[in-house]
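Inspection log for the structure reproduced underneath, given as structure tokens.
Below, each value reflects all heavy atoms present in this structure, side chains not excepted, and no hydrogens, waters or symmetry copies. Throughout, protein chains are lettered first and strands after them, A, B, ... in sequence-line order, and every chain is numbered starting at 1.
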Amino acid sequence: MIDLKALRKNPERFITGAEQKGVDVDIPRLVELDAQIRALKAEQESLRAEQKALSKKSGFFIGDLMKKINNPTCPESRKAEYQAEVKEIKSAPAALKAQIQQLDEQIATIEPEVTTIHLGIPQPADADVPVGKSADDNIERSTWAPDWWDKNKSFQANKGFKPRTHIELCAMHNLVDYPRGVKIAGSRSYILTGDGMRLHQAILRYALDTMVNQNGFKPMSVPVLVREEAMIGTAFFPGGKDQAYEVNETARGGGHDMYLTGTGEVGLMGIHQDEILDEADLPLKMVTVSTCFRREAGAAGKDTAGLYRIHQFDKVEQVIIDVADEATSRKHHQTMMGFVQSLLQTLQLPHRLLQCCTGDLGTKNADMIDIECWMPGRGDEDDSGTPTGDYGETHSASRLYDYQCRRLNMRYRQGGDAGKGPTTICHSLNNTVAASPRILIPLLEMHQNADGSINIPVPLQPYMNGQEKIS
RNA sequence: GGAGAGGUGGCCGAGUGGUCGAAGGCGCGCCCCUGCUAAGGGCGUAGGCGGGUAACUGUCUCGAGGGUUCGAAUCCCUUCCUCUCCGCCA
């Protein structure tokens, strides 16, 4: 959610920002309605002030008269007299009341539209984010590959044999059971079996442990079934509503519909919703591992085979909540990406950093860097029917300034809730640490041997009881 | 699922229709007093929105939403949440 004060001051900035992100939102309309609503409220407030003053002045008189009237010993003739007096005293505030109510109605007709437009305005991208329409306009910033891999050569040229896709490798070693997954849960479902499940757990645990033990993040277990407020607060709703599974509890008499989260970010960011944090406690660095649910609406037919695009997966997610300072936010962004890069390096996975263009940022981000791993089984096939490989997104690092925390009403100041001085809305960032089973794709494909066996990267071996190979 | 109790400021806790944004206590901050640690005294201590360069000021908020009333923390309705007991249960 953007700052309305900032909008009043400089609507052009937000209009341009929305255009660059390809978001259709009527900002001039909001500016107009905002002015209207403020004028109405100002008028209403002055009426209220008058009403209150009158009420304070006459309250005791009325109370006193009412007591006399209600007294059984009061003669009827006096009662009528008192009643007339009460009626007169009441007439002035009563008239104000009607006016106030009328203004209330006017405000109520405008307010929903204001809220709808307000929530729909995207955070303008930072000036250094390239302007573009779609993922095609994203820009590669850097690449990394282990010594034994030359990214300019084919898989065969690098390793001396043709690659099997992760689908073939999974079938070969019984790592995944797709048909039974589909039987249970429908398309895009799967069952990790045996070493598949072990490897999945190993990478998650390795990622979590690294963040906690080496990088100082606090591990959290958070709800994945949440209220709509949490989805709106974290800015996934209203825009992404069709991407989330809905648990329709109201239809069966429950209090609230619930939603399954598509990322642990929702739970982590929701923790301190509506709180005033102590500046001394910042930054908050938290990590969670959670199951993520995504409907993948609109992706029909895309990446249907394998583990790439699925409805349910597990993800280790990192977030940082800190003071409202651009330089600090930018620094955190780099640091968080650094954690991912070194993780991928220890796993010997070639990858690149991709600067997302304005059109690919999503509404809430001022900046977003995707990290993509090289997946030999993706991409076009050559003449012999062998895939030529391609990068596939495995991580996404977002920088949001105060856009998300404003919605969450998450603030900080000296001394926290009981402290003094002005409150400031926090800045937030989030970044994938590892999402599995998608990360298994490059892991299996890059570490396969000519005979189809798969080397388990050294850091994961302790999590697999010392096992070095899947064969 | 059944029965009951309750939601007030950072915390505890008063307040059942009128000057209550809310007594009192704790905590916290500043100051004073006091020659050791301790104790005492004074003042100050909610957030949002709007207006003002500012001092300041208007308004809203006592779980949430709605209603009654000239006036609601206080009355009515709805709802959410928490706690206790029973049942069930990973």
By nearest-nucleotide position on RNA chain B, the 5'-leaning member of A/Gln51 and A/Arg413 is A/Arg413
When you compare the side chains of A/Asp209 and A/Gln214, does any donor N or O come within less than 3.5 Å of an acceptor on the partner?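 No pair is found: no donor N or O on one side chain lies under 3.5 Å from an acceptor on the other.
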Measure the distance from [atom1] on [X] to [atom2] on [N] and round it to the nearest whole Å.
X        : N     : atom1 : atom2 : result
A/Lys52  : B/A72 : NZ    : C1'   : 12 Å
A/Arg407 : B/G48 : CZ    : C1'   : 18 Å
A/Asn409 : B/U61 : CG    : C1'   : 13 Å
A/Arg411 : B/A46 : CZ    : P     : 14 Å
A/Leu54  : B/U19 : CG    : C1'   : 14 Å
A/Glu111 : B/G50 : CD    : C1'   : 14 Å
A/Leu277 : B/G10 : CG    : P     : 14 Å
A/Ile100 : B/U69 : CD1   : C1'   : 13 Å

Taking N or O atoms only and anything under 3.5 Å, show me the protein contacts with nucleotides 53-56 of chain B, one pair per line.
none

A quick test of your reading: do over 12 heavy atoms of other residues, nucleotides or ligands sit less than 6.0 Å from CG of A/Asn465? no
Please state whether the phosphate of B/A46, meaning OP1 or OP2, lies under 4.0 angstrom from any side-chain nitrogen or oxygen of A/Thr423.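 No, no such contact exists.
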Which dot-bracket string describes RNA chain B (Watson-Crick N1-N3 plus N6-O4 or O6-N4, or G-U N1-O2 and O6-N3, all under 3.5 Å; [ ] crossing; | other strand)? ((((((((.[[[..)..(.....]]]((((((.......))))))((((((....)))))).[[[[[..)....]]]]])))))))....
So which of residues 28-50 of chain A are in contact with RNA chain B, with a heavy-atom cut-off of under 4.0 Å? A/Arg38, A/Glu45, A/Arg48, A/Ala49
So which of residues 1-11 of chain A are in contact with RNA chain B, with a heavy-atom cut-off of under 4.0 Å?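 Under 4.0 Å from RNA chain B: A/Lys5, A/Arg8.
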Is there a donor-acceptor contact under 3.5 Å from the side chain of A/Thr288 to the main chain of A/Met220? yes
Donor-acceptor list for residues 221-232 of chain A side chains, cut-off 3.5 Å, not counting sequence neighbours:
from	atom 1	to	atom 2	distance (Å)
A/Arg227	NH1	A/His256	NE2	3.3
A/Glu228	OE2	A/Lys241	NZ	3.1

I'd like to compare against my own output: the B/S/- annotation of nucleotides 73-82 of chain B with a strict under-4.0 Å heavy-atom distance to protein. -------SS-
